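One-based numbering along the sequence shown. Just the heavy atoms: all of them, side chains too, but no hydrogens, waters or symmetry mates, feed the values below. Quick caveat: nothing in here was measured; it's all calculated off a predicted structure.
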Amino acid sequence: MEDIEDLLAGSGSATPPGFRLPLAAAVGVGVGVGSKRNKLSSSPSPAIPGTQTIYIKTFGCSHNQASVVFRCVVLCIAVSRILCYELSAFGYSLSDNPDQADLWLINTCTVKSPSQSAMDTIITKGKSSNKPLVVAGCVPQGSRYLKELEGISIVGVQQIDRVVEIVEETLKGHEVRLLTRKTLPALDLPKVRKNKFVEILPINVGCLGACTYCKTKHARGHLGSYTIDSLVGRVKSVISDGVKEIWLSSEDTGAYGRDIGVNLPTLLKALVEELPADASTMLRIGMTNPPYILEHLKEIAEILRHPCVYSFLHVPVQSGSDTVLTAMNREYTVSEFRTVVDTLTELVPEMQIATDIICGFPGETDEDFVQTVDLVKDYKFPQVHISQFYPRPGTPAARMKKVPSNVVKRRSRELTNVFESFTPYSGMEGRVERIWITDVASDGIHLVGHTKGYIQVLVLAPDHMLGASAMAKITSVGRWSVFGEVIETIDHVSDNKALNKLVPNRDLHSLCVNPAKPGGFSEEPESCACGSDICCSIDKSDASRGTAVPQNQSNRNFVGWILRKREHLHKKVESELASGSVKKHERKMKKWDFVDKVLFGGISISIFTIIALVAALAFRVIWSQ
């Protein structure tokens, strides 16, 4: 079957997002009569489109290590949000329960084999359950002729705005393939933000590299950059929506603009000018490969020092051996990577850099691996994503002689042990950091904030502080995050003169960062670098308290903790019940949680007190008579 775009001859401009194609006009949509492909034998769709339930499953690569969301999983999340919005806007219900859904929509990643293997498993399960299936994302875009995709509707990475068409035709029993497009997808596509305070903003699609192990280039193609004006316009729009963090995403942020005659520093300077002067909205720069920022290091450093930009960057090295880097076709040397790290850490106070390592790439010798370990030890990177090499079908690396799997696993374990031996947060206890709070932790109890260096700080605070900025005192540290207590909330003001009136005797820089202790190397220490007269203000009444937590603040934190704890337990119960683990839950519910016991005890005492008072009152009435 040919792509639907190739068969819609003479259609001119692209079909409007969400446009519903009548069955008779669905050119290029085949019923599959006489085809060798598997046919969807689901029951006819209801008369009214948009009344069905959709199950969406997103597969991303495992680039979510130590609170850093790396490029591919960020893109997968962004696509998933748009898919959710498009379907919800046309009346479809979204469900986390696949058994209750009328159609399964699978959003895929092609970076590594495990994600595609998981996709194959869920496709097999869906077919055996006779569920209509739609597969979206990188896998169908880069490998449209996979046997597993036969008889399934597929939609590419740049056609997600037309997912409603695909879903509706698939529910009718048709197989639809939509993979080609000549223009970049719109930046302002509606989306459902799972976190209303975070905007994922793609600045370009595709890349300029040709890494021998990577399948992403096959899926997303050559570099295509959005214009600076369009990105600036999008930033203005999301700030007005109340977004507090903007993540710039891309397969390679550093390559931005090389296809349209501009560069990354030019874009970043334009975006920073649109950020609120009080640093109430922060910018996080996405992953960049070494070759494309070498010539702009000083300009990038200047941006990273800005008070509205996190002092954090993800720069993958993949290997500490030039021989392996050459085999990977990475287009840089270990020396050039060191230049990037050394320059940024020198020019940006307490700059933090995360990196990636692939263990067991074809041809990697013990000597090559030792060089990689030495590189990691030299810099003690606070965040390292370590993965074992997986051959991707159709890539040059898949045809290379592989390192034995037991050797690959051993090297991966050894490097992981080295990395986990680091203590990046030691020395942070007692420091006061400015944090931006944007999420609730997975434990359902703490709120998640980040320092300017993007260290994850877990605090007990009321829910109304989500989206706010505060000063927090670090109370304890762990391997992957630190714990703190909010001591001052920050009032955002855009008038610099008003700012000076609020704190006339304090240096602006001191409001944003507590200078690091000598020798205190932390994962992502805050470095506000408020060299300009733009910063933040702190409420006088809070500032006068020093570092002690006010009693009412502490009470509000405890109440918020109780409520979030209860909500977290209820959500966990509902989730497990929905998945069919009723008996398991019955056993669990026999063991009361501490919070349940406290609440039950309080209620019991209250009831007993009321009964006693009523009895005493009745006794007095009877006695008086």
Side-chain angles (χ1 to χ4, degrees), residues 61 63 70-76 78-79 109-112 137-138 141-143 156-158 180-185 187 200-228 230-231 247-268 270-271 285-297 299-300 303 313-319 322 324-337 339-341 343-344 353-356 358 361 392 394-398:
C61 55
H63 283 204
F70 291 107
R71 65 189 184 279
C72 295
V73 74
V74 168
L75 292 169
C76 290
V79 168
C109 176
T110 189
V111 171
K112 297 197 305 182
C138 293
Q141 187 74 60
S143 307
V157 295
Q158 296 183 19
T180 59
R181 186 169 188 165
K182 296 180 175 63
T183 59
L184 292 172
L187 283 172
I200 300 174
L201 178 61
I203 62 174
N204 55 265
V205 298
C207 68
L208 293 176
C211 300
T212 56
Y213 57 85
C214 185
K215 197 72 179 285
T216 305
K217 182 67 173 283
H218 295 200
R220 297 187 177 267
H222 200 64
L223 182 68
S225 303
Y226 290 95
T227 65
I228 292 179
S230 63
L231 292 167
W247 300 354
L248 302 184
S249 69
S250 166
E251 282 78 28
D252 187 353
T253 303
Y256 170 81
R258 290 175 177 258
D259 58 320
I260 57 175
V262 294
N263 56 42
L264 181 62
T266 304
L267 169 67
L268 295 177
L271 296 183
I285 303 174
M287 187 282 299
T288 178
N289 285 311
Y292 303 115
I293 62 168
L294 275 168
E295 62 187 275
H296 303 301
L297 284 178
E299 294 172 282
I300 296 295
I303 297 295
L313 198 60
H314 173 209
V315 187
V317 64
Q318 306 300 5
S319 175
D322 284 339
V324 175
L325 291 178
T326 299
M328 291 178 172
N329 196 30
R330 289 290 289 171
E331 300 181 343
Y332 58 86
T333 64
V334 175
S335 176
E336 289 173 328
F337 172 78
T339 297
V340 172
V341 177
T343 303
L344 292 180
I353 293 178
T355 194
D356 298 347
I358 297 176
F361 188 82
R392 304 294 294 114
T395 61

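For T326, there are no side-chain contact (heavy atoms from CB on, under 4.5 Å) partners two or more places apart in sequence or in a different chain. Among residues two or more places apart in sequence or in another chain, the side chain to side chain donor-acceptor pair (under 3.5 Å) test is passed with T339 by none. The side chain to side chain donor-acceptor pair (under 3.5 Å) test applied to T266 returns N263, not counting sequence neighbours. The side chain to side chain donor-acceptor pair (under 3.5 Å) check on N329 picks up nothing, with sequence neighbours excluded. Remark: P291 pairs with N289, E331, Y332 by the side-chain contact (heavy atoms from CB on, under 4.5 Å) rule, at least two apart or across chains. Here A327 pairs with F361 under the side-chain contact (heavy atoms from CB on, under 4.5 Å) rule; sequence neighbours left out. For the side chain to side chain donor-acceptor pair (under 3.5 Å) test, no residue two or more places apart in sequence or in another chain qualifies with E336.
To the nearest 0.5 Å, atoms OG1 (T253) and CD1 (I293) are separated by 10.0 Å. Between atom CD1 of residue I285 and atom CD1 of residue I303 there is a gap of 7.0 Å, rounded to the nearest 0.5 Å. One distance of note links CE of M287 with CG of D252; it measures 5.0 Å at 0.5 Å rounding. For the atom pair CG of L268 and CD1 of I300, the computed distance is 5.5 Å after rounding to the nearest 0.5 Å.
Here the side chain of T355 pairs a donor or acceptor atom with the backbone of V315 at under 3.5 angstrom. Side-chain N or O atoms of D322 include one that pairs as donor or acceptor with a backbone N or O of V334 at under 3.5 Å.
Contact check for I203 versus S225: no side-chain heavy atoms found under the 4.5 Å cut-off.
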